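Okay, so here's the structure we're looking at.
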There are 2 protein chains.
Amino acid sequence: MPIFLPKEPSRKEMLMTAVLYALSDEIRLGIVRQLAAKGEQACGVFEVDRPKSSLSHHFRVLRESGVVSTRKDGKTLLNTLRSEDLEKRFPGLLKAVLKG
Amino acid sequence: MPIFLPKEPSRKEMLMTAVLYALSDEIRLGIVRQLAAKGEQACGVFEVDRPKSSLSHHFRVLRESGVVSTRKDGKTLLNTLRSEDLEKRFPGLLKAVLKG
DNA sequence: ACCATAGTTCGATTTTATTCGAACTATACC
DNA sequence: GGTATAGTTCGAATAAAATCGAACTATGGT
């Protein structure tokens, strides 16, 4: 089977509850904060006390909710925060979450 | 056993992840929206397609995270959104959630 | 071709949440 | 005291999430 990155929802498809749920976990929130601080990052750079299969699960939750976008770049997957989409869809939300 | 309303966290004790989690459920988010729109409300006025034991569970999650405060008034429990505490602790968050 | 690296997917297990009925507490009213 | 109302608590069942190792895909380098 080929690798399928789960389809990322369009801006309009983003659900408030799904976004809040994705952000309601310490690990995922940590990832989001780091993406906000450092910009595009590969999955592997996150120092999380979990095996990569677990990390991969958390990235999937972030992607499926629309919080993070992922693109392939050679051997690695580069993740970005969908700040602009989030801001358009849920104005002020991401900023408030990142502040806290 | 006496009825214990779970202790509501102080402003400082509120956790971002717990608040986001509490808000990440359609039923609870509906309750929060209605409280925001109509102010203090008894548990019973919410028209939710769930038995009262389930509703009670959702109110508990809202209370324990700090989103809602509950006071007794005779026979009923009156719930309020802790808007001010939330705004102080997580500026902009509640407003952004209610907009979406 | 071979090996290493990056990350996903699968499958099984464990943990955590939700759900609901039934029993309970507390208050109000007659 | 008895009855009704409001909502909680308990306990058990179900559902959903998280966790992790092992197998896998894809790419890059030698």
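In what follows, every chain begins at residue 1, and chains take the letters A, B, ... in the order their sequences are listed. Note that this is a predicted model, so its numbers are computed, not measured.
For A:Lys52 and C:dT5, the NZ to C1' distance is 8 Å, given to the nearest whole Å. One atom, CG of B:Leu23, and another, C1' of C:dA17, lie 16 Å apart when rounded to the nearest Å. Here the P atom of nucleotide D:dA6 and the CD atom of B:Glu47 are 13 Å apart, to the nearest Å. Following rounding to the nearest Å, B:Leu55 (CG) and D:dA6 (C1') show an atom-to-atom distance of 12 Å. Atom CG in A:Asp73 sits roughly 12 Å away from atom C1' in D:dG28 (whole-Å rounding). Put simply, NZ on A:Lys75 is 12 Å from P on D:dT27, counting in whole angstrom units. For the pair A:His57 NE2 and C:dT8 P, the interatomic distance rounds to 12 Å; values are reported in whole Å. Distance CZ (A:Phe59) to C1' (D:dA18): 16 Å, rounded to an integer number of Å.
Residue A:Tyr21 places none of its side-chain N or O atoms closer than 4.0 Å to OP1 or OP2 of C:dT16. Between A:Arg60 and C:dT8 there is no side-chain polar atom (N or O) within less than 4.0 angstrom of OP1 or OP2. For D:dT19, the OP1/OP2 oxygens have a side-chain nitrogen or oxygen of A:His58 closer than 4.0 Å. An OP1 or OP2 oxygen of C:dT18 is reached within less than 4.0 angstrom by no side-chain nitrogen or oxygen of B:Arg50. Dashed line: the shortest gap from a side-chain N or O of B:Arg63 to OP1 or OP2 of D:dT8 is under 4.0 Å. Taking side-chain N and O atoms only, A:Ser54 has a distance below 4.0 Å to OP1 or OP2 of D:dC20. Side-chain nitrogen and oxygen atoms of A:Lys72 include at least one within less than 4.0 Å of the OP1 or OP2 phosphate oxygen of D:dT27. For B:Ser56, no side-chain nitrogen or oxygen approaches OP1 or OP2 of D:dG7 to under 4.0 Å.
In this structure, CG on B:Leu81 lies 11.0 Å from CD on B:Gln34, to the nearest 0.5 angstrom.
Checking D:dA18, C:dT18, C:dT8 against every side-chain atom of A:Cys43, the shortest atom distance belongs to C:dT8.
The side-chain heavy atoms of B:Phe90 and B:Leu15, taken from C-beta on, include no pair separated by under 4.5 Å.
Within the nucleic acid shown, B:Phe46 has no heavy atom closer than 4.0 Å to any nucleic acid atom. Within 4.0 Å of B:Thr76, counting heavy atoms only, lie sugar-phosphate atoms of the nucleic acid but no base atom.
A donor-acceptor pair shorter than 3.5 Å can be found between the side chains of B:Glu8 and B:Ser69.
Ion pairing between B:Glu40 and B:Arg71 holds under the 4.0 Å rule for side-chain N and carboxylate O.
The two residues B:Met16 and A:Val97 have their closest heavy-atom pair at CE-O, 3.3 Å.
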